[in-house]
Protein chains: 2
Amino acid sequence: MVRWEPGAVERLHSAALELYATKGFEETTVAEIAQTAGLTERTFFRHFADKREVIFGGSELFQEGFLDGIVAAPADAKSLETVIAAVTGAAVFFPDDRRASSRQRTRIIAANPQLQERELQKMSSLASAIAAALRERGIREPAATLAAESGVTVFRMSFAQWIADGAERSLIDIERDLFAELRLMTGSEAQPTT
Amino acid sequence: MVRWEPGAVERLHSAALELYATKGFEETTVAEIAQTAGLTERTFFRHFADKREVIFGGSELFQEGFLDGIVAAPADAKSLETVIAAVTGAAVFFPDDRRASSRQRTRIIAANPQLQERELQKMSSLASAIAAALRERGIREPAATLAAESGVTVFRMSFAQWIADGAERSLIDIERDLFAELRLMTGSEAQPTT
DNA sequence: GTCTATAGTGCGATAGAC
DNA sequence: GTCTATCGCACTATAGAC
């Protein structure tokens with residue numbers, strides 16, 4: 001007889017998603033999640049630092065996606081070009097068949113302020129990691145942080161459009177458009193567009 | 001005999017700042033803060049939604065500062081120009097004689113992840129408010145959000161430089177430089193600088 | 001103003017893998 | 001034997017309900 005079934009983390013994760021979606025985040029207790037997964041409260045906290053963290057599983061992998069894009073960028077790329085490579089490169093993590101589940105997850109987060117704060121924190125640490133990777137490629141401050149933050153902003157906005165109701169375009173297409181918009185917007189010369 | 005001294009909010013605020021700075025945020029209990037201010041725990045939660053919020057007092061006023069700058073901008077200003085007006089306009093909230101106390105407050109926040117998350121949330125809602133104000137001036141999406149987020153990024157970076165050890169330049173000077181850097185960075189044409 | 005649920009921690013015991 | 005995952009219990013503090 002086994003004392004524990006394998007995949008405790010996975011079970012806790014899906015139990016939490018399920019409960020957060022149906023009952024709501026605040027209304028769900030850690031005890032319930034653990035029970036649903038056939039584990040105890042104490043075990044939950046062994047795997048996740050807090051009740052929020054369970055929903056952000058695999059975010060390291062996702063962050064790696066961005067950093068790989070930086071490594072793959074041509075050595076002479078400017079700061080923004082490098083960031084574009086990172087952001088569009090990471091778009092492979094979100095193929096169109098993941099749209100529905102991404103939407104579901106985003107709805108859960110949008111419904112609760114605590115989860116939103118945690119999401120912002122994840123995005124912020126993503127920006128820091130990208131900035132650090134840029135600095136390692138010789139890009140100086142403040143260009144590195146400025147580019148990293150801009151890239152994350154474009155990613156966030158693109159993601160929001162990608163999971164919007166009725167959206168059909170791929171994430172990478174939306175990203176390219178937004179980067180073009182960013183260039184337009186910051187163009188120093190007066191332009192006919194607003 | 002007075003039943004309560006006036007300025008409960010103010011007293012709780014400074015008691016909290018004091019304790020967070022000396023003992024640390026986690027190590028400080030709400031009961032201690034209340035006691036130091038000569039009030040009860042219950043009263044603390046009447047004024048502040050949670051233990052974090054006490055440190056972000058007056059952030060509505062600060063947000064107003066940005067929005068006022070938008071109103072004051074010329075009617076034909078482009079999205080980024082308008083945001084520059086907002087961000088540089090709000091710099092009056094941080095004259096050089098506030099540098100020391102701003103540094104102190106920032107140190108407290110930097111020392112605790114929960115406070116950092118709350119800070120990010122405040123910045124995020126500031127960006128949303130700015131974007132909304134831009135839309136009201138006829139600037140369309142995605143330019144409005146893109147400009148608002150860029151402006152908040154420049155503000156955050158400028159603020160960090162402003163309170164850095166040994167810094168002497170005024171906040172508004174730093175902001176102008178960073179906006180110039182942003183324009184340089186996003187310039188579509190190849191440039192000799194990195 | 002009191003009472004309570006629950007998040008989150010610390011420490012220790014136990015069960016299995018190796 | 002070591003190492004790691006799980007459970008059990010006691011505890012504190014936040015935050016909200018009554």
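To find a chain, count down the sequence lines: A is the first, B the second, and so on, and within it residues start at 1.
- Side-chain contact, B/Glu26 with B/Gln114: a donor N or O sits under 3.5 Å from an acceptor N or O.
- Out of D/dC7, D/dT6, D/dA15, the shortest distance to the side chain of A/Ala8 is found at D/dT6.
- The rotation axes computed at either terminus of the helix from C/dG1-D/dC18 to C/dC18-D/dG1 lie 20° apart, taking five pairs at each end and rounding to 10 degrees.
- Residue-to-nucleotide contacts include a donor-acceptor pair under 3.5 Å from the side chain of A/Arg42 to the base of C/dG10.
- Judged purely by distance below 3.5 Å, without hydrogens or angles, the side chains of B/Glu41 and B/Gln35 never pair a donor atom with an acceptor atom.
- If you check every strand for non-hydrogen atoms under 4.0 Å, B/Arg52 touches sugar and phosphate atoms only.
- Judged purely by distance below 3.5 Å, without hydrogens or angles, the side chains of A/Thr43 and A/Thr40 pair a donor atom with an acceptor atom.
- Put simply, CD on B/Glu53 is 11 Å from P on D/dA15, counting in whole angstrom units.
- The interatomic distance linking A/Arg118 (CZ) with C/dG8 (P) rounds to 9 Å, in whole Å.
- Heavy-atom neighbours of B/Glu168 CD from other residues, nucleotides or ligands within 6.0 Å: at or below the threshold of 12.
- Between the side chain of A/Lys51 and the main chain of A/Phe45, no donor-acceptor pair closer than 3.5 Å is present.
- In this structure, of D/dA15, D/dC7, C/dA7, it is D/dA15 that holds the atom nearest to the side chain of B/Asp50.
- Side-chain contact, B/Thr145 with B/Glu141: a donor N or O sits under 3.5 Å from an acceptor N or O.
- The distance between atom CD of A/Gln35 and atom C1' of D/dG8, rounded to the nearest whole Å, is 16 Å.
- An OP1 or OP2 oxygen of D/dT6 is reached within less than 4.0 angstrom by a side-chain nitrogen or oxygen of A/His47.
- If you measure from atom CG of B/Leu39 to atom C1' of C/dG1, you get 14 Å, rounded to the nearest angstrom.
- Distance A/Ile33 CD1 to C/dT6 P: 12 Å, rounded to the nearest Å.
- Taking the side chain of B/Lys51 as heavy atoms from C-beta on, and the options C/dA7, D/dA15, D/dT6, the nearest nucleotide is D/dA15.
- Between the C1' atom of D/dT12 and the CZ atom of A/Phe45 lies a distance of 14 Å, rounded to the nearest Å.
- B/Thr28 comes within 4.0 angstrom of the backbone, heavy atoms only, and of no base.
- Counting only distance, with no hydrogens or angles, the side chain of A/Arg118 and the backbone of A/Arg52 share no donor-acceptor pair below 3.5 Å.
- D/dG8 atom P lies 11 Å from atom CD of A/Glu41, rounded to whole Å.
- The distance from atom CD of B/Glu27 to atom P of C/dT9 is 12 Å, rounded to the nearest whole Å.
- With C/dA7, D/dA13, D/dT6 as the candidates, the nucleotide lying closest to the side chain of A/Thr29 is C/dA7.
- For D/dC7, the OP1/OP2 oxygens have a side-chain nitrogen or oxygen of A/Thr43 closer than 4.0 Å.
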